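Take a look at the structure below.
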Amino acid sequence: MMSRLILLIFIFPASHLACHVRGSRNQNGERLGVEPASEVTAEGRAGPRPPGGRWSRGVPLDCRGAYWAKMAAMTKALPRRLVGLASLRAVSTSSMDTLPKQVKIVEVGPRDGLQNEKNIVSTPVKIKLIDMLSEAGLSVIEATSFVSPKWVPQMADHAEVLKGIQKFPGITYPVLIPNLKGFEAAVAAGAKEVSIFGAASELFTKKNINCSIEESFQRFDAILKAAQSANISVRGYVSCVLGCPYEGKISPAKVAEVTKKFYSMGCYEISLGDTIGVGTPGIMKDMLSAVMQEVPPAALAVHCHDTYGQALANTLMALQMGVSVVDSSVAGLGGCPYAQGASGNLATEDLVYMLEGLGIHTVSPPTPWWRQP
Amino acid sequence: MAAMTKALPRRLVGLASLRAVSTSSMDTLPKQVKIVEVGPRDGLQNKKNIVSTPVKIKLIDMLSEAGLSVIEATSFVSPKWVPQMADHAEVLKGIQKFPGITYPVLIPNLKGFEAAVAAGAKEVSIFGAASELFTKKNINCSIEESFQRFDAILKAAQSANISVRGYVSCVLGCPYEGKISPAKVAEVTKKFYSMGCYEISLGDTIGVGTPGIMKDMLSAVMQEVPPAALAVHCHDTYGQALANTLMALQMGVSVVDSSVAGLGGCPYAQGASGNLATEDLVYMLEGLGIHTGVNLQKPLEAGNFICQALNRKTSSKVAQATCKL
């Protein structure tokens with residue numbers, strides 16, 4: 001998975017893994033690293049590195065033939081370079097008893113990552129991104145969001161995206177839905193799995209979807225019944241589990257109550273989101289301790305934002321608590337509408353790096369038919 | 001800066017109201033952590049553009065107001081190798097030295113030690129590595145030969161009543177040798193401790209480590225050296241620094257090196273991010289209910305100041321989130 005994820009870095013060079021070790025040789029004279037690739041500008045030509053030596057977080061707004069030819073060349077080159085990277089890496093041998101043996105990564109870049117970007121990303125670029133992620137070994141890629149374009153203009157092309165992506169066997173492509181109308185549109189466009197969003201905060205729920213938590217459950221119940229009839233899986237998200245921009249501290253008991261409700265209504269998995277990234281590992285532990293008394297760990301995921309740089313540490317704590325599903329966003333895409341300039345979601349590349357170092361298997365789908373000999 | 005400073009407290013009040021402090025029993029975590037601020041030395045030393053002496057002094061003075069107890073001020077190495085640190089004597093003499101704060105300086109050899117003491121240093125740091133190749137390339141000798149050099153320094157330091165902190169580089173991986181055995185790290189650390197270093201900082205120099213490797217390494221080292229004498233020094237090259245630091249805290253380490261604004265870089269990975277950012281570290285420790293003595297607002301201001309001087313963006317996520325610039 002790592003090689004394919006790293007390929008994506010050259011499109012969205014924001015994660016730490018974008019900067020490879022370079023220049024050194026080991027005792028056998030083998031090169032240990034790779035020269036960093038030159039920056040690819042939105043016009044598709046290789047350009048100079050931006051000032052300061054750091055790669056920008058820019059997302060190319062268009063794709064040109066020359067750019068993709070360059071991508072193909074880089075793809076060919078990657079396996080050799082990763083041998084260099086792998087030779088630096090040790091995998092833990094200590095008994096990490098409480099860590100899961102494998103972790104399912106839910107890639108939310110195309111949805112959570114893109115939805116707050118001001119510049120509208122074209123439909124072909126979104127489709128290409130998802131298709132590239134489909135080759136990465138991920139088993140879940142959240143493709144888009146069937147919300148009103150009035151609220152989230154970036155996701156206005158939801159139906160075209162869902163219809164346009166390649167759907168590989170063994171990979172699911174859930175889509176966000178805010179209500180029954182969105183659910184029906186998603187199903188009409190071919191969705192087989194949907195995600196619904198609640199919160200552990202009354203104020204946040206009120207401001208986000210203009211109702212109370214209790215009222216939101218009634219709406220979701222209607223969706224879940226319809227989903228059950230249509231044999232559509234539903235994933236639940238609980239926002240603000242470690243803090244709320246309006247209420248401040250959130251009690252673990254409240255998170256447990258909301259999560260339990262989602263589980264009992266029929267969500268097969270509930271993703272617990274530190275929406276504004278304020279959480280720290282102890283709070284994560286407190287929250288999960290409460291939730292795990294109500295919902296089996298296997299049905300839980302964590303969704304950490306890196307607004308205050310805590311995402312990976314919080315995720316590590318969640319793994320130590322027994323969570324084995326983690327949401328992340330390629331290139332750490334995303335942001336925080338409550339903290340201007342803040343960083344976004346946990347970066348998929350950085351997460352995979354840690355998991356591989358911990359000796360944790362990151363689940364891959366079966367080999368697609370067109371790749372089989 | 002004045003406008004930003006006025007704006008900061010209000011934002012941090014907002015931030016404080018969002019913050020919960022852990023109530024769960026985090027039995028293995030230390031109750032307090034000493035933060036060793038390495039920004040003025042490790043953070044600046046690789047910067048191409050020379051930072052002026054007054055700016056360096058101002059940075060250290062601002063950090064002195066943060067509640068930090070250790071601020072690594074400069075490095076008495078030859079300007080030929082590290083031009084950024086050429087003004088080491090002026091910096092050390094020019095900073096305000098607050099009671100209760102130590103200002104160690106890096107020294108490569110006995111000559112550097114003597115110059116540091118002449119300039120008023122009360123504590124020095126020496127650098128070894130857990131990798132033969134890295135030691136060879138860095139200081140042009142074997143690990144064993146480096147011990148002989150350090151022994152001379154430690155003897156001189158003992159006579160002059162100067163404390164010595166040891167650094168072991170490449171503890172989780174080496175740009176030349178690749179994997180580094182925990183046993184080797186333990187051997188080098190034990191040697192430093194037995195020679196007289198009061199504390200040894202274990203550095204993931206190129207940031208390749210992950211929490212399991214940190215645990216393996218510390219397990220080996222802690223069989224040879226008491227945890228209280230250990231520190232960790234994590235680079236964020238692959239985004240692992242805070243997670244690795246959390247693991248170290250869970251293992252019983254209670255001293256952590258960090259760099260304001262996440263300054264620093266990696267000469268082996270162009271464009272890579274630098275040290276663990278002090279602001280992000282303090283944020284986590286406060287949330288864990290661990291006492292640091294640091295007022296988060298102050299490193300934020302210092303980070304803001306040095307990033308403006310360097311004309312670069314901060315690498316601290318906390319700083320990015322709390323400043324609209």
Side-chain angles (χ1 to χ4, degrees), chain A residues 15-27 32-33 36 49 52-55 87-94 96 242-245 248-249 276-283 285-286 289 306-310 312-313 315-317 336 339-343 347 350 353-354 357-359, chain B residues 15 17-24 26 29 133 172-180 206-213 215-216 219 236-240 242-243 245-247 265-266 268-273 277 280 283-284 286-289 311-313 316-318 320-325:
Chain A
S15 86
H16 293 80
L17 204 51
C19 306
H20 301 280
V21 175
R22 66 183 282 265
S24 318
R25 291 179 187 276
N26 65 12
Q27 286 167 292
L32 291 179
R49 184 175 296 285
R54 299 246 350 174
W55 295 10
S87 72
L88 293 175
R89 294 285 308 278
V91 173
S92 172
T93 54
S94 74
M96 300 279 279
L242 303 184
C244 170
K249 292 178 189 153
I276 51 170
V278 285
T280 44
I283 311 303
K285 185 174 182 174
D286 289 348
S289 297
D306 205 35
T307 322
Y308 296 96
Q310 309 295 304
L312 200 63
T315 301
L316 176 63
M317 177 56 76
C336 180
Q340 188 177 331
S343 50
D350 300 6
Y353 188 96
M354 181 177 79
L358 286 167
Chain B
L15 185 61
S17 72
L18 294 175
R19 294 287 307 281
V21 173
S22 172
T23 54
S24 75
M26 300 281 278
L29 293 180
L133 271 180
L172 303 184
C174 170
Y176 306 104
E177 288 191 13
K179 291 176 191 159
I180 295 292
I206 52 170
V208 286
T210 43
I213 311 303
K215 184 174 182 173
D216 288 347
S219 298
D236 205 35
T237 322
Y238 296 96
Q240 310 294 304
L242 199 64
T245 301
L246 175 64
M247 177 56 76
C266 180
Y268 303 95
Q270 187 176 329
S273 48
D280 301 2
Y283 187 97
M284 182 178 79
E286 286 190 347
L288 286 166
N311 193 27
R312 58 157 277 175
K313 282 171 68 169
S316 155
K317 297 286 172 65
V318 172
Q320 282 174 37
T322 53
C323 182
K324 284 200 182 295
L325 292 181

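Just so you know, these numbers come straight off a predicted model, no measurement behind them. Order of the sequence lines sets the chain letters (A, B, ...), proteins ahead of strands, with each chain counted from 1.
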> Between Tyr308(A) (side chain) and Met284(B) (backbone), is there a donor-acceptor pair under 3.5 Å?
Replying inline: no
>> Show the nearest heavy-atom pair for residues Gly287(B) and Thr280(A), with the distance to one decimal.
In response: CA-OG1, 3.3 Å
> Which atom pair, heavy atoms only, marks the closest approach of Asp350(A) to Gly239(B)?
Replying inline: OD2-CA, 4.1 Å
> Looking only at heavy atoms, which two atoms of Leu358(A) and Gly212(B) are closest? And how far apart?
Replying inline: CD2-N, 3.3 Å
